2 protein chains.
Amino acid sequence: MTADPVLRREIPDATVARLPEYLRTLSALADDGVPSVSSEELAAAVGVRSAQLRKDLSHLGSYGVRGVGYDVAMLALEISRALGLTVDWPVAIVGMGNLGRALSSYSGFVTKGFRIVALFDDDPSVEGEDVLGTAIRPLRDLPRSHAADPIAIGVIATPASAAQTVCNALVQAGITSILNFAPAVLTVPAGVDVRRVDLSIELQILAFHAQRRTVASADLRSAVTR
Amino acid sequence: MTADPVLRREIPDATVARLPEYLRTLSALADDGVPSVSSEELAAAVGVRSAQLRKDLSHLGSYGVRGVGYDVAMLALEISRALGLTVDWPVAIVGMGNLGRALSSYSGFVTKGFRIVALFDDDPSVEGEDVLGTAIRPLRDLPRSHAADPIAIGVIATPASAAQTVCNALVQAGITSILNFAPAVLTVPAGVDVRRVDLSIELQILAFHAQRRTVASADLRSAVTR
DNA sequence: TTGACTTTGTGCATGCGTTCACAAACGTCT
DNA sequence: AGACGTTTGTGAACGCATGCACAAAGTCAA
């Protein structure tokens with residue numbers, strides 16, 4: 001009944017969101033031939049507090065050595081395992097505009113256990129086109145494609161107007177993990193996990209902070225001249 | 001000394017991150033000709049709890065009418081104002097690969113007060129190319145471009161290896177708001193606001209949850225067969 | 001082995017964010 | 001005008017995440 005304690009233990013969402021950052025930095029360190037790091041060093045490289053890093057890692061188990069630090073390669077492997085990146089995740093991308101093409105060639109996508117197995121777009125002018133070894137097919141081929149080479153994760157990179165239709169097709173095919181880049185809220189049945197990425201939100205947050213800086217300095221000036 | 005209370009009041013980061021979502025949904029409602037919404041309806045459309053929505057909006061001021069709801073157009077305007085989107089934000093994008101092109105044509109970028117004033121790329125083969133009315137220039141033109149048409153926000157859409165160099169150039173030119181799509185941690189002087197977007201992190205989080213579902217159902221099965 | 005030093009893992013406190021629950025405020029109907 | 005139903009705005013409770021501080025556990029030198 002009791003499975004691997006590492007997998008059964010609840011890992012906080014906030015921690016899960018940071019694990020990819022740790023993993024990327026660890027991979028860079030490994031590439032540089034660094035054998036081990038302390039929590040202090042790794043935290044500084046990622047941009048978090050060392051206490052936070054240690055607490056995050058403690059949720060995965062006890063992989064550090066007191067007085068020494070963490071073995072870079074081993075820790076990277078453990079984080080990969082925790083995230084589920086030690087197995088391959090077949091990914092399909094729907095919508096082959098600039099964003100879809102950017103995603104299919106994005107290094108962070110093709111490495112790290114994600115394998116693009118299908119590209120879809122209903123625009124006849126791009127149908128059949130080859131993108132990095134994978135042909136673009138119309139969405140109606142999804143069931144056949146899924147049967148031949150099962151898809152674990154569907155990525156929606158279409159305009160907002162098509163997003164729900166595409167989502168329905170993905171769910172219909174039995175795909176339960178969906179990453180949505182379209183600026184639309186998708187409704188899905190229970191058991192389907194949808195995550196949305198809005199490229200413009202970060203820009204708006206940036207504008208908010210920039211504006212606040214401007215207002216703050218304007219306040220200072222008007223306070224002086226008053 | 002006391003400026004506009006709406007601008008001076010501290011708005012929590014978590015709230016700021018949701019305001020763009022509210023704004024997008026409100027814009028859609030306005031397009032559909034809906035004159036007003038209750039917090040319950042709007043919250044459902046966005047995918048949050050109504051109490052959270054009301055508390056978020058309360059940070060901007062009191063723009064609802066008890067017993068009635070919120071005026072869609074007015075609330076949209078107030079959120080725009082709070083985010084600083086009522087003024088134009090000149091944006092420059094560095095790196096005109098697929099991602100840079102996707103961003104420059106992204107509807108959420110060009111609408112909502114963001115105006116792309118410059119595109120940079122040091123690849124000679126794309127230099128001078130016209131993308132939606134803006135010519136691609138080499139990064140060394142940044143100071144001149146900035147002087148002629150000031151840039152408020154710089155977007156880095158280059159490979160990770162070039163990100164820090166590009167960032168330095170942006171900071172050197174006096175740009176204090178930077179959106180970084182490259183998978184690299186940037187070091188900047190104090191007073192410069194950097195936000196990072198990693199397109200692969202969401203995919204990794206999705207994989208984590210998908211894996212957990214798989215493990216959970218495997219546990220159930222093994223529990224039965226035991 | 002012993003002692004000095006380093007670094008992890010974690011209990012505890014603090015702060016922030018979310019949710020509940022309700023009084024206050026509005027429109028409407030009689 | 002007054003009673004009624006609706007919805008906002010917010011104080012208070014709760015829960016989660018972060019940061020502190022230190023004991024436990026290791027290395028290394030002598």
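Heavy atoms only: backbone and side chains are in, while hydrogens, waters and symmetry mates are out. In this text, all values refer to a predicted model and were calculated from it rather than measured experimentally. In the text below, chain A, chain B and the rest are named by the order of the sequence lines, each starting its count at 1.
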Polar side-chain atom of [X] near backbone of [Y] as donor-acceptor pair, under 3.5 Å:
X: Ser62(B); Y: Ser58(B); answer: no
X: Asn168(A); Y: Gln172(A); answer: no
X: Arg54(A); Y: Glu40(A); answer: no

Do Lys55(B) and dT19(C) share a donor-acceptor pair, side chain to base, under 3.5 Å? yes
Nearest-nucleotide 5' precedence on DNA chain D, Asp56(A) against Arg66(A): Asp56(A)
DNA chain D nearest-nucleotide lookup for Val65(A) and Arg54(A): closer to the 5′ end is Arg54(A)
Please give, in whole Å, the distance from [N] [atom2] to [X] [atom1]?
X: Leu57(A); N: dT10(C); atom1: CG; atom2: C1'; answer: 13 Å
X: Asp71(B); N: dG27(C); atom1: CG; atom2: P; answer: 13 Å
X: Leu53(B); N: dT8(D); atom1: CG; atom2: C1'; answer: 11 Å
X: Arg49(B); N: dT10(D); atom1: CZ; atom2: P; answer: 22 Å
X: Asp13(B); N: dG15(C); atom1: CG; atom2: C1'; answer: 14 Å
X: Gln52(B); N: dA21(C); atom1: CD; atom2: C1'; answer: 16 Å

Mind listing the residues from residues 23-42 of chain A sitting with a heavy atom below 4.0 Å of DNA chain C? Number order is fine.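 The answer is Ser38(A), Ser39(A).
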Which heavy atom in [X] sits nearest to a heavy atom in [Y], and how many Å separate them?
X: Gln204(A); Y: Pro20(B); answer: OE1-CB, 3.3 Å
X: Ile93(B); Y: Met96(B); answer: CG2-CE, 3.3 Å
X: His209(A); Y: Asp193(B); answer: CB-OD2, 3.4 Å

For the side chain of Ala51(A), starting at C-beta, report the closest nucleotide among dG9(C), dA21(D), dG17(C). dA21(D)
Could you tell me whether the phosphate oxygens of dG9(D), OP1 or OP2, come under 4.0 Å of any side-chain nitrogen or oxygen in Tyr70(B)? yes
Under 6.0 Å from the CZ atom of Arg49(B), do we count more than 12 heavy atoms belonging to anything else shown?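 Counting other residues, nucleotides and ligands, CZ of Arg49(B) stays at 12 neighbours or fewer.
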